[in-house]
Protein chains: 2
Amino acid sequence: MATSANQSRIGVPCLACPLRLKPAFKDKTDDEVRFIQAMKMEHRLLPAGADIIQPGQEDAALYTLFSGWAFRYKSLPDGRRQILNFLLPGDLVGLQASLLSAAQHGIEALTEVELCAFPRKRVWDLFVRMPSLSYEIAWLGSREESLIDENLTSVGQRNAAERIAALLISLHRRADALGLVSENSFRFPLSQQQLADALGLSLVHTSKTWAKLRRAGLFSVSGGRLTLLNPRLTARMVSLFERELEPRPLI
Amino acid sequence: MATSANQSRIGVPCLACPLRLKPAFKDKTDDEVRFIQAMKMEHRLLPAGADIIQPGQEDAALYTLFSGWAFRYKSLPDGRRQILNFLLPGDLVGLQASLLSAAQHGIEALTEVELCAFPRKRVWDLFVRMPSLSYEIAWLGSREESLIDENLTSVGQRNAAERIAALLISLHRRADALGLVSENSFRFPLSQQQLADALGLSLVHTSKTWAKLRRAGLFSVSGGRLTLLNPRLTARMVSLFERELEPRPLI
DNA sequence: CGGAGTGTTGAGGTAGCTCAATGTGTGTGG
DNA sequence: CCACACACATTGAGCTACCTCAACACTCCG
């Protein structure tokens, strides 16, 4: 769970970053990309379950998630844990931790992950020298907050089935924007316990509700992949107003 | 509820801003304050219940809350509503809304409020010309996210009594940092319905749990003010690890 | 083969829900 | 001055969504 098996290696140069080509991301000028590349400290590879940022850590770096999934969480002293949000490729990892003096949360790799690491100290530098990038960092921070707002609303107002549906829809749309969905099917690496911690439900009730929705034909799971059998219906369950997924910055 | 009774008037010049003198806020250079003052569009006075930002609004300005309380919320189509967080003097209002293309939430005045309004279009300007301020805006965004993380953890993991205690402690500490607390007593303008919407509980259960904690001697209410009778005990109920409240930027 | 991690299911308890009645303070119009 | 409406708080009664405890199955791995 806590092993920090960081295996440094040379990553792809940012100018040739395959992530950057996806339509989910806004274009950057060559200047901006060169700045990002110069700022990049290392390319880290971590196994599933590794701690990316520890709660209370004071020297956390800033990362961009290059591949894999991760999640932010907060624990109470008695062991209860809330998963705050999930991180998918292209998301900033540890912005809050790198701006505030100490991390108020933990971040853990959900699958094997690749991270582009930027030294904490150079974030200030970026704000001074690259206003366009600093604006986009603030934008990405606001976008993350917006996702957490959605989760809080789910946990505070929706029942178990609605919460599951809302989470699936949200993950489906985010994965889709990254081109990770084919025929409504995408990799789904969450354990039931992690699901429960994200939904604010007990493990048992999560499992039962999950099974019920599966039997009701909402989705199917096989080989670590999840298929939404009727995305429209699922979306209607949580009465989403469909928000545009506009291209976002990639730092 | 929705009347926009904005009565423009000359506010205090930012250089002489009384809020800025409080120890809760970091010092700024004269240059920075002058920039903020030049950017300030107007000083708005709104009555309790007024909409500051409407859900979906696309041209929301950025504000600093000068006096009074407000809250951010998100509504579901069937009327359920989640209060995401409360805003106290010195907090940025509408950062998310002014960065993203449309507000994903609403913001409502809880009491009469005074707002320092900054035009949305000049936020970009600020990032270009004032790196120190843009860094601090990002910092304040992260701080707000951290508060929402705490609320999400509360709603997802704590029972009704713990949620109330956590909310009271959090508000008490924030009000205290602003010098708004005397003898553990501070203004408390929330209705039970608003309390319920913030806690993710029904109105009835909120009222019953509230009464139980009051009878148990945790706090008392009179004249719109709330007194924490045993802050230590209350804090222990939610097992907070006491975080420093370091001075924060005031834009 | 044994143990650990994960998922499923049943049984029974309770925290929190809905419905409904009542009280209380405040503003408004006659 | 009273009558009335309205918003807000309180309390009781009964229901259920979700909880905990517990047993069992499956897979992976040493």
Side-chain angles (χ1 to χ4, degrees), chain A residues 1-3 47-50 76 78-83 108-111 154-167 188-216 219-226 237, chain B residues 1-3 47-50 76 78-83 108 110-111 154-167 188-216 219-226 237-238:
Chain A
M1 184 92 62
T3 57
L76 298 181
D78 62 5
R80 287 178 284 181
R81 178 178 78 160
Q82 178 67 38
I83 290 184
E108 187 177 315
L110 186 56
T111 65
S154 231
V155 172
Q157 303 298 327
R158 296 201 245 247
N159 66 27
E162 291 172 323
R163 287 184 217 181
I164 290 177
L167 180 62
F188 194 81
L190 305 203
S191 72
Q192 303 263 3
Q193 183 63 63
Q194 288 159 344
L195 212 37
D197 288 346
L199 299 171
L201 296 171
S202 73
L203 174 60
V204 173
H205 194 61
T206 300
S207 177
K208 285 175 178 169
T209 310
W210 182 261
K212 192 163 65 179
L213 293 184
R214 189 154 30 75
R215 278 187 226 112
F219 61 89
S220 66
V221 187
S222 92
R225 293 180 68 84
L226 184 143
M237 277 192 62
Chain B
M1 186 86 64
T3 59
L76 299 183
D78 61 4
R80 288 178 283 180
R81 178 177 78 160
Q82 178 67 37
I83 291 185
E108 185 177 316
L110 187 55
T111 66
S154 232
V155 172
Q157 303 298 326
R158 297 201 245 248
N159 65 28
E162 291 172 325
R163 286 183 216 181
I164 290 177
L167 179 62
F188 195 82
L190 304 203
S191 72
Q192 303 264 5
Q193 183 62 65
Q194 288 159 343
L195 213 36
D197 287 346
L199 299 171
L201 297 171
S202 72
L203 175 60
V204 174
H205 194 61
T206 301
S207 178
K208 285 174 178 168
T209 310
W210 182 260
K212 191 163 67 179
L213 292 185
R214 190 154 28 76
R215 278 188 225 111
F219 61 89
S220 65
V221 187
S222 92
R225 292 180 68 83
L226 185 144
M237 276 191 64
V238 296

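Chain letters run A, B, ... following the sequence lines, proteins first, then strands; residues in each count from 1.
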Out of curiosity, A/R80 CZ to B/N159 CG, how far, rounded to the nearest 0.5 Å?
7.0 Å
Got a second to check how far B/T206's OG1 is from B/L190's CG, nearest 0.5 Å?
11.5 Å
Give the B/S/- string for nucleotides 20-28 of chain C, one per nucleotide from 5' to 3', where a protein heavy atom under 4.0 Å of the base yields B, of only the sugar-phosphate yields S, and otherwise -.
---------
Quick one: B/K212 NZ to C/dT14 P, roughly how many Å, whole number?
13 Å
Nearest to side-chain heavy atoms of B/L201, which nucleotide of D/dC18, D/dT11, C/dG16:
C/dG16
What is the distance, to the nearest angstrom, from the CG atom on B/D197 to the P atom on C/dC17?
12 Å
Interatomic distance, B/N159 CG vs D/dA17 C1' [rounded to whole Å]
16 Å
Checking contacts here: which listed nucleotide (C/dG7, D/dT20, D/dT10) is nearest the side-chain heavy atoms of A/Q192?
C/dG7
Measure the shortest side-chain to side-chain distance between A/L201 and A/T209 over non-hydrogen atoms and say whether it is less than 4.5 angstrom.
no
Given C/dT8, is OP1 or OP2 found less than 4.0 Å from the side-chain N or O atoms of A/S207?
yes
Counting any heavy atom closer than 4.0 Å, what does A/R214 reach on the DNA or RNA strands: base, sugar-phosphate only, or nothing?
sugar-phosphate
pair B/R158-A/Q82: side-chain heavy atoms closer than 4.5 Å
no
For A/Q192 against A/S207, the heavy-atom pair lying closest together:
OE1-CA, 3.6 Å
Rounded to the nearest 0.5 Å, what separation is found between the CZ atom of B/R215 and the OG atom of B/S220?
14.5 Å
Please report the distance, rounded to the nearest Å, between CG in B/L195 and P in D/dT10.
11 Å
Show the distances under 3.5 angstrom between N or O atoms of the protein and N or O atoms of nucleotides 23-25 of chain D.
none

Phosphate contact (D/dT11 OP1 or OP2) by B/R215 side-chain N/O below 4.0 Å
yes
Quick one: CZ on B/R214 to NZ on B/K212, what's the gap to the nearest 0.5 Å?
13.0 Å
Rounded to the Å, how far apart are B/Q194 CD and D/dC8 P?
8 Å
Criterion side-chain contact (heavy atoms from CB on, under 4.5 Å) on B/D197 and B/Q194, from CA distance to verdict
CA-CA 5 Å; B/D197 287 346; B/Q194 288 159 343; 5.6 Å; no
Base of D/dG12, side chain of B/K208 - is there a donor-acceptor contact under 3.5 Å?
yes
Of C/dG7, D/dA13, D/dC18, the nucleotide closest to the side chain of A/H205 is D/dC18
Could you check how far CG of B/L213 sits from P of D/dA9, rounded to whole Å?
16 Å
May I ask you to decide if the ring planes of B/F219 and B/W210 are parallel, tilted or perpendicular, using 30° and 60° as cut-offs?
tilted
Just compare C/dG10, C/dG7, D/dA9 and give me whichever is closest to any side-chain atom of A/S191.
C/dG7
The reported gap from CZ in B/F188 to OG1 in B/T111 (rounded to nearest 0.5 angstrom) is 13.0 Å
What's the closest nucleotide to the A/A160 side chain, out of C/dT18, D/dC18, D/dT10?
D/dC18
State, to the nearest 10°, the angle formed by the axis through the first five base pairs of the helix from C/dC1-D/dG30 to C/dG30-D/dC1 and the axis through its last five.
30°
How many whole angstroms separate atom CG of A/L203 from atom P of D/dA17?
20 Å
Quick one: pull up CE in B/M237 and CD1 in B/I164 and give me the separation to the nearest 0.5 Å.
8.5 Å
Spacing between A/L190 atom CG and C/dG7 atom P, to the nearest angstrom
10 Å
So, do B/L167 and B/L195 sit near enough that their side-chain heavy atoms are less than 4.5 Å apart?
yes
